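Just follow the structure's listing: the first ligand is 1, and inside any ligand the first atom is 1. Note that this is a predicted model, so its numbers are computed, not measured.
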Amino acid sequence: MMMKTNIPLLALATVLPTLSAAHYLFPHFILNDTVTKEFEYVREHDNGLMPSWDDGAILTSNDLRCNKGSENHMSAPQTAKVVAGVDTVGFQTNLATKIYHPGPVTIHMSLAPGDVREYDGSGDWFKVYQLGTKDPWDGTDQGWLTRDRSQFTFQLPKEIPKGQYLMRIEQMAVHQPYKAKEFFMQCAHVQVDSQYTGPAPSDTIKLPGGYSKDDPAIQLDSWAHPSYAPMPKPDKMWPNENNFNKIL
Ligand SMILES: *[C@@H]1O[C@H](CO)[C@@H](O)[C@H](O)[C@H]1NC(C)=O
Ligand SMILES: [Cu+2]
């Protein structure tokens, strides 16, 4: 049966900007070669595919942790069992959408005091994975290593203590005019099995608190033809920089 559509052209035109404003999220946790189901191990949120910035207000909001409304979904995901120093872990975007905005991908982890399904992410966060630009970088969007990728994976370092963690992925899109940004973040639930008994992971930050508009990474002016891209905080990765700009 044919349906007659009477949508005026004007109405159609107003729909288009909404579509083009839709971006991506990271609902699939990856464990070794398995891309798990949407939200199976990843905490959903109420911000859909939308970016966050609001003139920098996101930097001082709890939404910086796992995105707007993620607390409404804390108890939904399962907790992925992973082994430090053994398993390859990471995230895939929705529908394997390729990241089409330039900007770094950062993965942080934060130890839950108990069950990660009850954890709000208010503790310390350390940085385990980072993907920036080619080196040297010509300042172009194509020079970002994140560009056109849909999967971000790394080997979980062996120096991560046993326990349940939030694992947070963030892409900070830098294409906006001048120093404005777009943040996309999402958190997975993982239970780390580990033999490690050394010092606790450092350098750590709080979210919010650890990011500021003055940070070199956020001050990056994408319209000024930069030749160097400072990375989001903290400055040092844990336990070393081996997972910096490393694509498996
Ligand atoms: C992931 O791969 C490693 C290396 O092959 C293997 O030792 C480990 O058991 C695998 N983990 C899972 C959960 O399959
Ligand atoms: Cu955008």
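- Of the candidates Met172, Gln171, Arg147, Pro102 forms a side chain to side chain contact (heavy atoms under 4.5 Å, CB included) with just one, namely Arg147.
- Distance remark: protein heavy atom present below 4.0 angstrom from atom 8 (C) of ligand 1.
- Under 3.5 Å, the side chains of His73 and Asp46 contain a donor-acceptor pair of N or O atoms.
- Of the candidates His45, Gln186, Arg168, Asn67 forms a side chain to side chain donor-acceptor pair (under 3.5 Å) with just one, namely His45.
- The atoms of ligand 1 that sit less than 4.0 Å from any heavy atom of Asp87 are 1 (C), 8 (C), 10 (C), 11 (N), 12 (C).
- Distance check on atom 5 (O) of ligand 1: every protein heavy atom falls at or beyond the 4.0 Å cut-off.
- The protein atom (non-hydrogen) at minimum distance from atom 12 (C) of ligand 1 is Asn32 ND2, 3.3 Å.
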Run the numbers on Tyr119 and Ser110 for side chain to side chain donor-acceptor pair (under 3.5 Å), then give the verdict.
CA-CA 10 Å; Tyr119 180 45; Ser110 180; 2.6 Å; yes
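- At a cut-off of 2.8 Å, His101 coordinates the Cu ion (ligand 2) through an N, O or S atom.
- Of all N/O/S atoms in Glu182, OE1 sits nearest the Cu ion (ligand 2).
- Between the side chain of Ser75 and the backbone N or O of Arg117, no donor-acceptor pair lies under 3.5 Å.
- Of the N or O atoms in Lys81, none lie within a sub-3.5 Å distance of an N or O in ligand 1.
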Tell me, with the steps shown, if His23 and Phe184 meet ring pair (Phe, Tyr, Trp, His ring centres under 6.0 Å).
CA-CA 9 Å; His23 294 84; Phe184 301 89; 5.1 Å; yes
